[in-house]
Student: 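Okay, here's the structure, questions in a sec.
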Amino acid sequence: MLPRQEPTILYTQAVPELPEVETIANGVDRRLRGDTIVSAWFSTYKEPFRTPPAEMAESLAGLRIARVYRVGKHIVVDLERARSGHRPSSPNREATPPDAQSQLLVHLGMTGRLLVSAARLPLPPHTHAVLHLASGRELRFVDPRRFGRLALHSVDAGLFTGPGREPLTISTDDFVALFRGRKLSIKAALLNQSLLHGVGNIYADESLFRAKIRPTRRAGRLPRPRLLRLRQALQTVLKSAIRAGGSSVSDYVDADGQAGFFQIQHRVYAREGQPCLVCGTPIRRIVLAGRGTHFCPQCQT
DNA sequence: AGAAGGACCTGCACGC
DNA sequence: TGCGTGCAGGTCCTTC
């Protein structure tokens with residue numbers, strides 16, 4: 001067991017996509033479930049906050065963290081009104097507590113990090129939010145590039161469900177229907193969070209490679225069997241990345257963030273010019289949908 | 001309405 | 001050594 005006073009950095013080297021966000025959410029859940037927010041502090045930099053900081057700070061104080069989980073690329077913190085009589089948390093309860101009254105949504109953007117830290121430790125640069133907890137710890141949101149976002153979601157209108165469909169659980173028919181009639185490239189479609197949420201640039205490239213589909217193909221013109229292959233490839237790569245990250249991030253404790261997320265072996269991403277692992281043809285890189293896009297010109301048609 | 005492209009933002013790699 | 005430049009990408013916004 002690691003010293004309690006050391007900061008835990010729930011951290012990833014890569015831009016957080018679905019597997020990284022899932023791992024981080026699980027890590028926060030394991031540590032903070034049942035803890036209570038005493039007060040909250042937000043930096044004066046307003047942009048990251050979809051909800052005004054003053055309103056957020058007032059709403060958060062006194063709420064207990066009931067559960068932390070992932071929806072798309074969002075980390076969702078279920079919050080309930082803390083009661084005076086302490087109720088022991090039941091470890092097996094998976095369903096959202098019926099008395100969850102609001103949800104804190106955290107989007108890490110590209111460089112956002114969550115730290116579970118002892119309060120006495122100095123705030124790192126680019127800290128934009130701190131939740132002071134009854135246990136004496138703090139949950140800190142650090143984001144140098146400021147693409148991350150925080151918001152409060154009221155459950156009056158229902159639990160947060162994200163902008164699109166969940167790639168790991170979507171049915172075959174629904175998956176195929178997502179792309180019907182779409183004129184944009186399959187790569188751009190995969191990145192569109194209002195269709196599937198959670199897929200970013202890296203896993204889009206990797207899943208298209210495994211499905212042997214060229215990223216430039218029009219989404220609406222891919223026949224059903226190829227789309228089913230893509231769904232299978234996407235789920236396989238996401239699940240293996242979750243497995244790879246699950247063990248390392250959760251127990252990772254270090255102040256300088258040197259180790260961190262165990263990265264799965266990329267087959268095409270950031271491998272421009274290197275030989276395809278299947279056929280040896282040099283991997284090509286183009287810009288598509290404004291993003292660096294990597295593929296094998298031989299294997300992917 | 002759907003698609004495309006730019007803006008946002010900072011750290012880092014690179015070239016001179 | 002040090003400075004300037006370009007690049008990376010998730011999401012929002014504007015334009016077409």
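Both backbone and side-chain heavy atoms feed into the values below; hydrogens, waters and symmetry mates do not. Since the model is a prediction, treat every value here as computed from it, not as a measurement.
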Student: Without decimals, in angstroms, what is the distance between A:His126 NE2 and B:dT10 C1'?
Tutor: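 One finds 7 Å between C1' of B:dT10 and NE2 of A:His126, rounded.
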
Student: Of the candidate nucleotides C:dG9, C:dG10, B:dG2, which contains the atom at the shortest distance from the side chain of A:Tyr269?
Tutor: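 For A:Tyr269, the side-chain atoms sit closest to C:dG9.
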
Student: B:dT10 phosphate, OP1 or OP2: any side-chain N/O from A:Arg146 under 4.0 angstrom?
Tutor: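 So the side-chain polar atoms of A:Arg146 do come within 4.0 Å of the phosphate oxygens OP1 or OP2 of B:dT10, strictly under.
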
Student: Taking the side chain of A:His107 as its heavy atoms from C-beta onward, which of C:dT11, B:dG2, C:dA8 lies nearest to it?
Tutor: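 Between C:dT11, B:dG2, C:dA8, the one nearest the side chain of A:His107 would be C:dT11.
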
Student: Are A:Phe175 and A:Leu191 in one and the same hydrophobic cluster, where Ile, Leu, Val, Met, Phe, Trp and Tyr link if side-chain heavy atoms are under 4.5 Å apart?
Tutor: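 Cluster IDs for A:Phe175 and A:Leu191 differ.
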
Student: Do A:Tyr69 and A:Asn26 come close enough that some side-chain heavy atom pair is under 4.5 Å?
Tutor: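 Not in contact.
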
Student: From the list B:dA3, C:dT11, C:dG10, which nucleotide is the closest neighbour of the side chain of A:Glu17?
Tutor: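 Of the options given, the side chain of A:Glu17 lies nearest C:dG10.
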
Student: Roughly, in whole Å, what's the span from CG in A:Leu108 to P in C:dG9?
Tutor: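 Rounded to the whole Å, the gap is 17 Å.
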
Student: Charged N to carboxylate O under 4.0 angstrom, A:Asp173 versus A:Arg224?
Tutor: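 Yes, charged N to carboxylate O under 4.0 Å.
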
Student: Near DNA chain C, under 4.0 Å by heavy atom, which residues of residues 282-291 of chain A?
Tutor: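 Output list: A:Arg285, A:Arg291.
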
Student: In whole angstroms, how far is the C1' atom of B:dG5 from the CG atom of A:Leu191?
Tutor: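 Answer to the nearest Å: 14 Å.
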
Student: Taking only side-chain N and O atoms of A:Gln193, does any of them lie within less than 4.0 angstrom of OP1 or OP2 on C:dT11?
Tutor: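 For C:dT11, OP1 or OP2 has a side-chain N or O of A:Gln193 closer than 4.0 Å.
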
Student: Looking only at the side chains, is there a donor atom on one of A:Thr301 and A:Arg214 sitting less than 3.5 Å from an acceptor on the other?
Tutor: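 Not at all, the side chains of A:Thr301 and A:Arg214 share no donor-acceptor pair under 3.5 Å.
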
Student: Take atom NE2 of A:His74 and atom P of C:dG10, then tell me their distance rounded to the nearest Å.
Tutor: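 Rounding to the nearest Å, NE2 of A:His74 and P of C:dG10 are 13 Å apart.
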
Student: Are A:His197 and A:Glu166 linked by a side-chain donor-acceptor pair shorter than 3.5 Å?
Tutor: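 Indeed, the side chains of A:His197 and A:Glu166 share at least one donor-acceptor pair under 3.5 Å.
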
Student: To the nearest Å, how far apart are A:Lys187 NZ and B:dG5 C1'?
Tutor: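 Going from NZ in A:Lys187 over to C1' in B:dG5 covers 16 Å.
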
Student: Are a donor atom and an acceptor atom from the side chains of A:His294 and A:Asp205 found within less than 3.5 Å of each other?
Tutor: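 The answer is yes; a qualifying pair exists.
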
Student: If you check the A:Leu184 side chain, which of B:dG11, C:dG10, B:dA4 turns out closest?
Tutor: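 Selected nucleotide: B:dA4.
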
Student: Is there a side-chain contact between A:Arg137 and A:Arg31 in this structure, where contact means two heavy atoms from C-beta onward sitting under 4.5 Å apart?
Tutor: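 Yes, side chains in contact.
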
Student: Are OP1 or OP2 of B:dA4 and a side-chain N or O of A:Lys183 less than 4.0 angstrom apart?
Tutor: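 For B:dA4, OP1/OP2 do not have a side-chain N/O of A:Lys183 under 4.0 Å.
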
